[in-house]
Visitor: 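Sharing a structure, written as structure tokens. Questions coming.
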Amino acid sequence: MSKVSLALPEGFILGAAASAWQTEGWSGKKPGQDSYLDAWYKNDRHVWHNGYGPAVATDFINRYPEDVALMKASGLSHYRTSINWSRFLTDYETATVDEEYAAYLDRWLDEMEAAGIVPMLCLEHYELPAALLEKYDGWSSKHVVELFVRYAEKAFERFGHRVTRWFTFNEPVVVQTRVYLDALRWPYEQNTAKWMQWNHHKVLATAKVVELFRRRGQAGTIGVILNPEVTYPRSQAAHDQRAAELYDLFYNRVFLDPLILGDYPAELLALLRRHEVMFEHDAAELATIRENTVDEVGINLYYPHRVKAPSRAWNPETPFHPACYYEHFELPGRRMNPSRGWEIYPKIIYDMAQRLKQDYRNIPWFIAENGMGVENEAQHRGADGEIQDDYRIRFIGEHLYWTLKACEEGANCRGYMLWAFTDNVSPMNAFKNRYGLIEIDLNNQRARRRKKSSHWFAALSESRTLTLTLDDDEK
């Protein structure tokens, strides 16, 4: 083992992320302002761990002054969250702003400015208005794309003079993959064609908002937050290599290529046609996508994805699913986070950095989410009442090490943001797995307490130098 020290590049972000629906709670929410997540919770509450959901969340909407002070104490230079689309408007067709909710956001931005923390705003972090899901089938509809653009314009009008880092979506592939491709979440509809149509309309919506942003002459940048899974084949054999290529094509390149390079991969389009799940589009939409690529991307990375060639033929009576081309593979002896069931492999950040440099025009990017969820974290409470989360400190340090190594080799990575600032609700898992620098005590009116990692992160932010001890095979 040996100790290593790496300096953070000048201007390198050290921040944390969250979302509106996972933090704000429903205080002040008006009838008809449910998001997709709110509707899911109301219709399917039993699948949420211990019944916790977005109703109270962390009550950030009332406690943001306390939380912003904790952000500053924890050394955050930036904080990314979302505007809750479903609450920002009272009429989604006319894009009529809810002045009460907008005023709350203004007060929060005042608090951020006073603390010297840079806000980064995402326009949709799963907060599709439930009314649009019910009326138009959500992102199945091209009209919803236009409503999203109207909403974006109102957000830019209201906050564009205060916020200069904007993002259209967080993880745009996730909701429809869980709902329509895998049918794991409410309303449980397996429909691969709908999955792909939602994918396309989110790509198109991003391009249209980028076009609007530039036409308005907005200050700053407009990007997107993606969650590509760094995908490794089981072996060097051609069949395993091909399985990894196809997994990457359907889940990663479906957004990476059009949003950064301006075009869908030709092979993806050919396979969609072959399997009769091609999305509805026209030449004008493809031109809009081609001409309006994003300024930057945030990349969410938690674990590697490993696949192998399928061992059996796909049932011809089952609707097409990309899984006909691959099977998941578990690496023997892998290092695990047993709470979450995810492999820990920090080099994913380095490998993603090399890919973005080589294949995606070395676009400016940053780690938008990376973190470690741990169950029953109270077992690690010290005598002074503070969670001693050395495992989280090591997790962050190892991933940041590979980030900085990539930067030394020319990666255009501009920062690292932790998921999450506080413990918060996650879909279905609720507060089961804790991710935060700050503990949320559900038994004591959601009181906040700093964890050991909060103090460590603050010291890192102050020193601008990462120092950690690594095994020789980790370097």
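Predicted, not measured: the structure shown is a model, and the values here were computed from it.
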Visitor: Please determine whether the number of non-hydrogen atoms from other residues, nucleotides or ligands lying under 6.0 Å from atom CD of Glu157 exceeds 12.
Guide: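 Yes.
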
Visitor: Do Tyr360 and Asp257 meet the criterion of a side-chain donor-acceptor pair at a distance under 3.5 Å?
Guide: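 Side chains of Tyr360 and Asp257: pair found under 3.5 Å.
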
Visitor: Centres of the His305 and Tyr251 rings: under 6.0 Å?
Guide: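 Here the rings of Tyr251 and His305 have centres that are no less than 6.0 Å from each other.
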
Visitor: Could you grab the distance from atom NE2 of His380 to atom CD of Glu386, nearest 0.5 Å is fine?
Guide: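 Answer for the NE2-CD pair, His380 versus Glu386, is 14.0 Å.
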
Visitor: Does the side chain of Tyr302 pick up a donor-acceptor pair with the side chain of Glu229 at under 3.5 Å?
Guide: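 Per modelled atom types, Tyr302 and Glu229 side chains form no pair under 3.5 Å.
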
Visitor: At what distance, to the nearest 0.5 angstrom, does CG of Asn376 lie from CG of Asn433?
Guide: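 Here the interatomic distance stands at 10.5 Å.
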
Visitor: Glu377 and salt bridge (Lys or Arg N to Asp or Glu O under 4.0 Å): which partner among Lys452, Arg449, Arg392?
Guide: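 So the option named by the test is Arg392.
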
Visitor: Of the options Val294, Val203, Val209, which is the one that meets Thr168 in a side chain to side chain contact (heavy atoms under 4.5 Å, CB included)?
Guide: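 Result for side chain to side chain contact (heavy atoms under 4.5 Å, CB included) with Thr168: Val209.
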
Visitor: Please step through salt bridge (charged side-chain N to carboxylate O under 4.0 Å, His left out) for the pair Arg214 and Asp295, ending with a clear verdict.
Guide: CA-CA 11 Å; Arg214 292 175 181 154; Asp295 296 325; 2.6 Å; yes

Visitor: If only side-chain N and O atoms count, and only distance matters, is there a donor-acceptor pair under 3.5 Å linking Asn170 with Asn227?
Guide: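 No donor-acceptor contact under 3.5 Å links the two side chains.
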
Visitor: Going by heavy atoms in the side chains, are His328 and Lys308 under 4.5 Å from each other?
Guide: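 Sidechains of Lys308 and His328: no contact.
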
Visitor: Grab the two heavy atoms, one from Gly53 and one from Val425, that are nearest each other, plus how far apart they are.
Guide: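 Looks like O-CG2, 3.5 Å.
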
Visitor: Do Glu409 and Lys405 pass the salt bridge (charged side-chain N to carboxylate O under 4.0 Å, His left out) test, and can you show the C-alpha distance, the side-chain angles, and the key distance before you say yes or no?
Guide: CA-CA 7 Å; Glu409 297 180 20; Lys405 289 286 287 184; 5.3 Å; no

Visitor: First locate atom CH2 of Trp419, then atom CZ of Arg80, and finally report the distance between them rounded to the nearest 0.5 Å.
Guide: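 So the gap between those two atoms works out to 6.5 Å.
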
Visitor: Passes side-chain contact (heavy atoms from CB on, under 4.5 Å), Val4 versus Leu468? Steps please.
Guide: CA-CA 6 Å; Val4 298; Leu468 74 162; 3.6 Å; yes

Visitor: Please determine whether side-chain hydrogen bond (donor to acceptor under 3.5 Å, both in side chains) holds for the pair Glu24 and Tyr104, giving the CA-CA distance in whole Å, both sets of side-chain angles, and the decisive distance to 0.1 Å.
Guide: CA-CA 11 Å; Glu24 288 177 351; Tyr104 143 69; 3.0 Å; yes

Visitor: Applying side-chain contact (heavy atoms from CB on, under 4.5 Å) to Ile367 and Leu301, what does each step give before you reach the verdict?
Guide: CA-CA 7 Å; Ile367 302 298; Leu301 291 171; 4.1 Å; yes

Visitor: Do the two ring centres, one from Trp139 and one from Phe169, sit under 6.0 Å apart?
Guide: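 Ring-ring flag for Trp139/Phe169: true, centres closer than 6.0 Å.
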
Visitor: Step by step, work out the side-chain hydrogen bond (donor to acceptor under 3.5 Å, both in side chains) result for Glu327 and Ser311.
Guide: CA-CA 8 Å; Glu327 289 180 11; Ser311 57; 2.8 Å; yes

Visitor: OG1/Thr192 to CD/Gln197 distance, rounded to the nearest 0.5 angstrom?
Guide: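 Those atoms lie 13.0 Å apart.
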
Visitor: Would Glu296 and Thr221 count as a side-chain hydrogen bond (donor to acceptor under 3.5 Å, both in side chains) if you check the C-alpha gap in whole Å, the side-chain angles of each, and the deciding distance to 0.1 Å?
Guide: CA-CA 7 Å; Glu296 65 172 335; Thr221 55; 3.1 Å; yes

Visitor: Are any of the side-chain heavy atoms of Trp198 and Val175 separated by less than 4.5 Å?
Guide: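 They are in side-chain contact.
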
Visitor: Would you say the rings of Trp85 and Phe148 are close, in the sense that their centroids are separated by under 6.0 Å?
Guide: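 Ring centroids of Phe148 and Trp85 are less than 6.0 Å from each other.
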
Visitor: Considering all heavy atoms of both residues, which atom of Val254 and which atom of Pro258 are nearest to each other, and what is their separation?
Guide: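 Scanning both residues, the minimum pair turns out to be O-CG, 3.2 Å.
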
Visitor: Gln218 and Gly160: which non-hydrogen atoms are nearest, and at how many Å?
Guide: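 Heavy-atom minimum between the residues: NE2-CA, 3.5 Å.
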
Visitor: Would you name the heavy atoms of Ala458 and Ala73 that are closest together and state the gap between them?
Guide: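 The pair with the smallest heavy-atom distance is CB-O, 3.3 Å.
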
Visitor: Check this for me: does any side-chain nitrogen of one of Lys72 and Glu66 sit under 4.0 Å from a carboxylate oxygen of the other?
Guide: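 Result for this pair is no, no salt bridge flagged.
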
Visitor: Any side-chain donor-acceptor pair under 3.5 Å between Glu171 and His125?
Guide: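 No, because no side-chain N or O of Glu171 sits under 3.5 Å from a partner of the opposite role on His125.
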
Visitor: Take Glu285 and Thr288, measure what side-chain hydrogen bond (donor to acceptor under 3.5 Å, both in side chains) needs, and give me the verdict at the end.
Guide: CA-CA 5 Å; Glu285 291 176 1; Thr288 296; over 6 Å; no

Visitor: Contact between Trp456 and Ile396 at the side-chain level, heavy atoms closer than 4.5 Å - yes or no?
Guide: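 Yes - at least one pair of side-chain heavy atoms lies under 4.5 Å apart.
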
Visitor: Evaluate the salt bridge (charged side-chain N to carboxylate O under 4.0 Å, His left out) criterion for residues Arg450 and Glu439: first the C-alpha distance (whole Å), next the side-chain angles of each, then the deciding distance (0.1 Å), finally the verdict.
Guide: CA-CA 6 Å; Arg450 295 180 70 182; Glu439 178 190 5; over 6 Å; no

Visitor: Restricting to non-hydrogen atoms, name the atom on Tyr435 and the atom on Ser426 that form the minimum distance, rounded to 0.1 Å.
Guide: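 Here Tyr435 and Ser426 meet closest at CE1-OG, 4.5 Å.
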
Visitor: Kindly indicate, with the supporting measurements, whether the criterion salt bridge (charged side-chain N to carboxylate O under 4.0 Å, His left out) is fulfilled by Lys451 and Asp423.
Guide: CA-CA 11 Å; Lys451 302 178 188 178; Asp423 297 335; 2.8 Å; yes

Visitor: For residues Tyr416 and His399, is any side-chain donor paired with an opposing acceptor at under 3.5 Å?
Guide: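 Absent: no donor and acceptor within the cut-off.
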
Visitor: Tell me whether the centres of the aromatic rings in Phe156 and Phe213 are closer together than 6.0 Å.
Guide: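 Aromatic pair counts; centres sit under 6.0 Å.
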
Visitor: Between Arg464 and Pro9 (side chain of the first, backbone of the second, donor and acceptor by atom type, cut-off under 3.5 Å), is there such a pair?
Guide: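 It does hold such a pair.
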
Visitor: Which residue in the set Trp402, Phe395, Tyr232, Tyr303 passes ring-ring contact (aromatic ring centres under 6.0 Å, His included) when paired with Tyr345?
Guide: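 Only one option passes, and that is Tyr232.
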
Visitor: Do Pro427 and Arg185 come within less than 4.5 Å of each other through their side chains, counting heavy atoms only?
Guide: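 When only atoms from C-beta onward are counted, Arg185 and Pro427 do touch, with a gap below 4.5 Å.
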
Visitor: Would Arg306 pass as a cation-pi partner of Tyr326, given that its NZ or CZ must be under 6.0 Å from the six-membered ring centre and within 45 degrees of the axis?
Guide: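 Judged by the rule (NZ or CZ under 6.0 Å from the ring centre, within 45° of its axis), Arg306 is not positioned above Tyr326.
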
Visitor: Any side-chain heavy atom of Ser454 sitting closer than 4.5 Å to one from Leu70?
Guide: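 Counting from C-beta outward, Ser454 and Leu70 never come under 4.5 Å.
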
Visitor: Which heavy atom in Ala207 sits nearest to a heavy atom in Asn292, and how many Å separate them?
Guide: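 Closest approach of Ala207 to Asn292, heavy atoms only: O-CB, 3.4 Å.
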
Visitor: Centroid-to-centroid, His275 to Tyr325, below 6.0 Å?
Guide: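 When the ring centroids of His275 and Tyr325 are compared, they turn out to be within the sub-6.0 Å range.
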
Visitor: Is it true that the side chains of Glu124 and Ser82 contain a donor and an acceptor less than 3.5 Å apart?
Guide: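 Ser82 and Glu124 do not have a side-chain donor-acceptor pair below 3.5 Å.
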
Visitor: Compare all side-chain heavy atoms of Ile13 with those of Arg165 and state whether any distance is below 4.5 angstrom.
Guide: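 Yes, their side chains come closer than 4.5 Å.
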
Visitor: Apply side-chain hydrogen bond (donor to acceptor under 3.5 Å, both in side chains) to Asp248 and list each qualifying residue two or more places apart in sequence or on a separate chain.
Guide: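 Asn252, Arg355.
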
Visitor: Quick check: do Cys407 and Phe12 have side-chain heavy atoms less than 4.5 Å from each other?
Guide: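 Yes, their side chains come closer than 4.5 Å.
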
Visitor: State, without any angle test, whether Thr422 and Asn424 hold a side-chain donor-acceptor pair at a distance under 3.5 Å.
Guide: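 Looking only at side-chain atoms, Asn424 and Thr422 do not form any donor-acceptor pair under 3.5 Å.
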
Visitor: Under a 3.5 Å cutoff, is there a donor and acceptor pairing between the side chains of Thr465 and Ser5?
Guide: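 On atom types as modelled, these side chains do not qualify, holding no pair under 3.5 Å.
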
Visitor: Between Glu408 and Leu404, is any pair of side-chain heavy atoms under 4.5 Å apart?
Guide: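 Glu408 vs Leu404: side chains apart.
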
Visitor: Using the salt bridge (charged side-chain N to carboxylate O under 4.0 Å, His left out) criterion, which residues pair with Glu113? Sequence neighbours excluded.
Guide: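 Scan of Glu113 (salt bridge (charged side-chain N to carboxylate O under 4.0 Å, His left out), adjacent residues dropped) gives Arg162.
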
